[in-house]
Number of protein chains: 2
Amino acid sequence: MLSKSCVYALRAIVYVGHNGSENHKIGIKEIGEELDLPVHFLSKILQSLVKHNILQSTKGPHGGFYINEVSGEIKLLRIIEVVDGLSFFHKCGLGMHECSDTHPCPLHDDFIVFREGLYKIFSTKTINDLVKKVEDGNAFIQNLNTKN
Amino acid sequence: MLSKSCVYALRAIVYVGHNGSENHKIGIKEIGEELDLPVHFLSKILQSLVKHNILQSTKGPHGGFYINEVSGEIKLLRIIEVVDGLSFFHKCGLGMHECSDTHPCPLHDDFIVFREGLYKIFSTKTINDLVKKVEDGNAFIQNLNTKN
DNA sequence: ATATAAAAAGACCTAAATATCTTTTAATAT
DNA sequence: ATATTAAAAGATATTTAGGTCTTTTTATAT
């Protein structure tokens with residue numbers, strides 16, 4: 001559903017939100033190592049988040065990534081929008097071009113309940129909501145002994 | 001969520017169920033043209049469905065695809081299983097290796113509702129259910145003037 | 001038996017997603 | 001000012017999904 005890029009983005013940003021701050025920035029290496037993600041690939045993704053002002057970064061010594069107060073309140077949907085686009089939330093489950101409440105495909109009525117449920121979740125929850133969850137003990141760092 | 005292959009499979013099988021029968025088999029050309037799908041690609045997908053006994057076919061003159069009584073009652077989930085595999089229905093929304101009710105990722109509780117709801121639909125509905133929907137007037141054939 | 005029609009099978013091609021490596025730019029500390 | 005550090009940017013490689021084309025097999029009608 002979400003691409004790898006998108007999932008990497010979400011996990012990285014939560015990691016940064018959880019472990020970093022404006023005066024303790026997190027380097028890409030640390031993120032990659034801790035989350036067991038391909039560093040250079042992740043770097044591209046975060047670059048794009050920075051461009052879109054979802055994440056902050058500075059170069060040079062003691063540089064790295066962090067999120068400011070505004071970014072923490074950004075909705076997960078915004079990250080999905082930037083990384084994957086929102087087409088999933090509009091398109092038909094059976095790939096029909098014209099599928100809508102008034103002209104539904106044979107799966108429409110059932111599918112739409114879940115599509116819209118997901119939309120609700122992603123358009124409501126913020127980065128900080130996930131960070132809070134992690135602080136309340138939710139799983140976050142991979143067990144590196146477990147394979148994909 | 002579902003790959004194109006999978007969606008093509010579902011649409012094709014519904015087309016065959018709706019328009020064909022054991023003594024009126026449907027050629028791959030017709031399916032491809034009517035559903036506006038790439039014929040040779042679709043052909044591979046249907047081949048695999050035939051191998052798995054989800055769809056029936058015969059070669060030669062007046063040959064083509066059809067579904068028998070048994071196949072009509074096959075669950076959509078079985079088609080998904082054969083074409084895409086079922087990993088979607090087991091894996092974590094945030095791509096964590098170990099994510100479960102007892103060791104949940106920060107998105108788990110919300111995501112699982114969606115994932116399991118979809119599972120319910122696909123493991124309940126049959127090919128015939130979709131065919132019936134089409135016979136009750138649900139959208140099915142693409143408007144070819146509309147682009148992807 | 002033979003020709004024909006249609007799916008099966010195999011080889012190949014293309015585009016997109018994912019991943020890696022190298023060079024450049026820009027902060028910071030000295 | 002300079003060296004150093006870390007992200008940004010660019011180029012390239014790999015993998016997977018999606019798609020096309022050609023040849024082979026098999027069922028049927030003649």
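Numbered from 1 within each chain, the chains take letters A, B, ... in sequence-line order. No experiment lies behind these values; they were computed from the predicted model shown.
One finds a salt bridge joining B:Glu81 and B:Arg78 here, because a Lys/Arg side-chain nitrogen approaches an Asp/Glu carboxylate oxygen to under 4.0 Å.
In the set C:dT20, C:dA7, D:dA7, the nucleotide with an atom closest to the side chain of A:Phe41 is C:dT20.
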TODO: Heavy atoms under 4.0 Å is the rule here; annotate nucleotides 22-30 of chain D 5' to 3' with B where the base is hit, S where only the sugar-phosphate is, and - elsewhere.
DONE: B--BBBBS-
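Atoms CD1 and CZ, from B:Ile31 and B:Phe65 in turn, are 6.0 Å apart once rounded to the nearest 0.5 Å. Atom CZ of A:Arg11 and atom CD1 of A:Ile13 lie 13.5 Å apart (nearest 0.5 Å). Annotation: the span from B:Leu55 atom CG to B:Ser48 atom OG amounts to 10.0 Å, rounded to 0.5 Å.
One atom, CD1 of A:Ile28, and another, C1' of C:dT20, lie 14 Å apart when rounded to the nearest Å. Distance, B:Ile45 CD1 to C:dA7 P: 15 Å, rounded to whole Å.
Near DNA chain C, defined here as any heavy-atom distance below 4.0 Å, there are no residues from residues 46-56 of chain A. For the segment residues 64-75 of chain B, the set of residues with a heavy atom within less than 4.0 Å of an atom of DNA chain C comprises B:Gly64, B:Phe65, in numerical order.
In summary, the side chains of B:Asn68 and B:Glu22 do not present any donor paired with an acceptor at a separation below 3.5 Å, with no hydrogens or angles considered.
Residue contacts for B:Ile26: at a heavy-atom cut-off of 4.0 Å it reaches the sugar-phosphate backbone alone, with no base atom in range. As judged by a 4.0 angstrom heavy-atom cut-off over every strand, B:Lys44 is placed among the base-contacting residues. A:Ser5 comes within 4.0 angstrom of the backbone, heavy atoms only, and of no base.
A pairwise comparison of heavy atoms in B:Ile54 and B:Ile79 identifies CG2-CG1, 3.9 Å as the closest pair. Pairing each heavy atom of A:Arg115 with each of A:Cys92, the nearest pair is NH1-N, 4.1 Å. In terms of heavy-atom proximity, B:Val83 sits nearest to B:Leu49 at CG2-CD2, 4.1 Å.
For the helix from C:dA1-D:dT30 to C:dT30-D:dA1, the end axes, each set by the C1' atoms of five terminal pairs, are bent relative to each other by 10° (nearest 10°).
Qualifying ring pair (Phe, Tyr, Trp, His ring centres under 6.0 Å) partners for B:Phe111, counting only residues two or more places apart in sequence or in other chains: B:Phe114. Every residue two or more places apart in sequence or in another chain was checked for a ring pair (Phe, Tyr, Trp, His ring centres under 6.0 Å) with A:Phe88, and none qualifies.
Taking 4.0 angstrom as the limit, A:Tyr8 places a side-chain polar atom (N or O) nearer than this to OP1 or OP2 of C:dA19. Close to C:dA5, at under 4.0 Å from its OP1 or OP2, lies no side-chain N or O of B:Lys29.
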